[in-house]
Amino acid sequence: MAEHAARSGVSGSARPDPATEAFVAHRNLLFTVAYEMLGSAADAEDVLQETWLQWAQIDLATVRNQRAFLVRITSRRALDRMRTLSRRKETYIGPWLPEPLLTAPDVAEDVELADCVSMAMLLVLETLTPIERAVFVLREVFELPYDEIAHAVDKSLPAVRQIAHRAREHVSARRPREAATAAETRAALAAFQHAVQTGDLQDLLDILAPDVIALSDGGGIRQAMARPVVGIDKLARLLVAHAAALGAQESFQPVTLNGRPALIVRLNGEIDGVVTMRIEDGLITELYFVRNPEKLSRVEREIALSR
C-alpha cells in the first residue's frame, strides 16, 4: 500500500526493495500532481494508493525513467478520478471549495508552487476541462516536456501542444494579475478577524473590493452560505450578524494554508473552519470559508508538497 511503502522507506534497518524506494523518493511529487489536478487531498491519497498498486506490478527493468513513469500513472489515475469528482460535484450541497492543506514554509518560499496550490488558483483550474487541467498542471507547474505529457494523458504531441495553449490562455484570463505579498494577506486577515470578533468593519471595508465574492463550503454537514454572497454591502451585513451571534466564542489562529497566510477558526476551542482569500491590487476580491469537516483533517499537520 502507498502508506506502507512510505513507512518502509524510512523505518527499519533493511534497505527497501527498488520499487518501494523509487515510490517513496517521488511520493511528495506524486501527491502534489494528484492534488493539483483534483483539489482534494483525500482523493489525491486514493490516487497514490492506486499508483502504488500498479507500480508494484511493473518490471522495473523495462522502465527507463522512473519519475516520468510514476507521474504518468498518477496523471492517468487522477484523470479518471476527476471524472468521478465532476459527477460528485453536481450533487454537492452549496459551493464546492478545494480541500485546504497546512503547508511547510518551503512551499511559500517557492513562489510558483505557492501560486499554483493557492485556493484562488485551484478554483481557476476548476474552470478547465479534465484534460486541459492535466496538461496545464504537468506543463506549467511541473515543467514536463510535451512528449512526456502526451504519454501521460494518452494524446498526440500536436494535440497536447494545442490543449496546453488553450488552457494557458484560459487560466491567464482568470488568474490574479499579481500575487499579493504575505504581508498584504496577513494584514487583510487581521482586518477580517477584527471585524468578525467586534462587529467593527471599518478596517475591513477599506480593503474589500466593491464586487467582492464570499464562498462558503459546509458540504451539507455544517451551516454555510447556500450561494455566493456578492457585493460589499451584503458581505458587511453578513459579517455584522455573524459577529453579534458568535464573535465572542470564536478564536483565530494564523497559519499557512496552500502556501498562503490563512486563519484557522475555532468555535469554543474546536476547529470550525478556515478562512483564505484572494487579493488583487490591494483589495480582497474573494473570501473563502471552508467549514465542511471532511475537508479539515489536514489543517493541523503539515503536508509536504514538491515539484
Side-chain angles (χ1 to χ4, degrees), residues 1-88 98-99 101-104 106-107 110 113 116-117 122 125 130-131 133-139 141-157 160 294-295 297-298 301-307:
M1 302 301 182
E3 290 185 2
H4 171 74
R7 287 196 300 270
S8 66
V10 296
S11 62
S13 57
R15 182 181 178 87
D17 65 89
T20 300
E21 193 170 33
F23 185 87
V24 170
H26 298 296
R27 190 189 189 285
N28 292 346
L29 165 69
L30 302 178
F31 176 84
T32 309
V33 169
Y35 177 72
E36 281 267 6
M37 291 175 64
L38 299 168
S40 163
D43 286 284
E45 291 287 0
D46 288 344
V47 164
L48 257 64
Q49 181 86 350
E50 296 166 3
T51 299
W52 164 250
L53 291 173
Q54 183 175 344
W55 175 248
Q57 304 302 315
I58 299 294
D59 178 1
L60 297 190
T62 65
V63 179
R64 289 184 297 177
N65 185 327
Q66 293 181 345
R67 179 183 185 274
F69 200 97
L70 280 163
V71 168
R72 185 188 311 172
I73 298 174
T74 301
S75 301
R76 288 181 175 177
R77 295 291 184 176
L79 265 172
D80 291 340
R81 184 61 61 111
M82 265 195 273
R83 298 179 180 108
T84 301
L85 272 178
S86 295
R87 292 190 293 272
R88 196 190 307 167
E99 182 178 354
L101 302 178
L102 183 68
T103 48
D106 64 323
V107 174
D110 184 338
L113 180 59
C116 290
V117 299
L122 290 173
L125 295 182
I131 192 67
R133 183 167 183 169
V135 170
F136 180 87
V137 166
L138 294 175
R139 180 62 183 174
V141 182
F142 299 97
E143 300 178 340
L144 264 62
Y146 283 113
D147 57 341
E148 285 188 24
I149 298 173
H151 284 298
V153 300
D154 199 23
K155 294 285 185 181
S156 69
L157 189 56
V160 164
E294 295 179 352
K295 295 184 177 183
S297 63
R298 294 170 176 83
R301 177 175 57 86
E302 283 186 357
I303 303 296
L305 302 177
S306 71
R307 290 198 293 160

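Only this structure's heavy atoms are used, side chains among them; waters, hydrogens and symmetry mates stay out.
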Please find the pair of heavy atoms, one from Val160 and one from Ala150, that lie closest to each other, and give the distance. CG2-CA, 3.7 Å
Sub-4.5 Å side-chain heavy-atom contact between Val135 and Lys155: no
Kindly compute the distance separating CG (Leu70) from CG (Asn65), expressed to the nearest 0.5 Å. 9.0 Å
Spacing of OH belonging to Tyr146 relative to OG belonging to Ser156, to within rounding of 0.5 Å: 13.0 Å
Between Leu60 and Trp55, is the side-chain contact (heavy atoms from CB on, under 4.5 Å) condition met? List the steps. CA-CA 9 Å; Leu60 297 190; Trp55 175 248; 3.4 Å; yes
Counting only heavy atoms not in Gln54 (residues, nucleotides, ligands), do more than 12 fall under 6.0 Å from its CD? yes
Looking only at atom types and distance, does a side-chain atom of Arg307 sit under 3.5 Å from a main-chain N or O of Leu29, one as donor and one as acceptor? no
Tell me, do Val71 and Leu30 make a side-chain contact under 4.5 Å, heavy atoms counted? yes
Would you say the side chain of Pro130 lies within less than 4.5 Å of the side chain of Met37, judging by non-hydrogen atoms? no
About how many Å separate CG of Leu101 and CZ of Phe31, when rounded to the nearest 0.5 Å? 5.5 Å
Minimum-distance pair of heavy atoms, taken over all atoms of Leu157 and Asp147: CD1-N, 3.7 Å
Got Thr32 and Leu113 here, is their nearest side-chain heavy-atom distance under 4.5 Å? yes
Interatomic distance, Leu138 atom CG to Ser75 atom OG [nearest 0.5 angstrom]: 4.0 Å
Return the minimal non-hydrogen interatomic distance between Trp52 and Ala19, and the atom names on each side. CZ3-O, 3.8 Å
Out of curiosity, Ile303 CD1 to Thr103 OG1, how far, rounded to the nearest 0.5 Å? 9.5 Å
Verdict with supporting geometry, Leu79 and Asp154, side-chain contact (heavy atoms from CB on, under 4.5 Å): CA-CA 11 Å; Leu79 265 172; Asp154 199 23; over 6 Å; no
Do the side chains of Arg67 and Leu144 get nearer than 4.5 Å, heavy atoms only? yes
Do the side chains of Leu102 and Arg298 get nearer than 4.5 Å, heavy atoms only? no
Taking only Lys NZ, Arg NE, NH1 and NH2, and the carboxylate oxygens of Asp or Glu, determine whether Glu45 and Arg77 approach each other closer than 4.0 Å. no
How long is the straight-line distance from SG of Cys116 back to CZ of Phe142, given to the nearest 0.5 Å? 8.0 Å
Carefully, step by step, assess Arg88 and Asp43 under the rule side-chain contact (heavy atoms from CB on, under 4.5 Å). CA-CA 12 Å; Arg88 196 190 307 167; Asp43 286 284; 3.3 Å; yes
Is the side chain of Arg76 donor-acceptor paired with the backbone N or O of Ala152 at a distance under 3.5 Å, no angle test? yes
Which pair of non-hydrogen atoms, one from Ala34 and one from Leu48, has the smallest distance, and what is that distance? CB-CD1, 4.3 Å
Contact summary for Glu99 and Ser297, nearest pair of heavy atoms: OE2-OG, 4.1 Å
Can you give me the closest heavy-atom contact between Arg133 and Glu36, atom names plus distance? NH2-O, 2.8 Å
Would Arg72 and Phe69 count as a cation-pi pair here, with the cationic atom under 6.0 angstrom from the ring centre and within 45° of the axis? yes
Can you tell me if Tyr35 uses its side chain to pair, donor with acceptor, with the backbone of Val117 under 3.5 Å? no
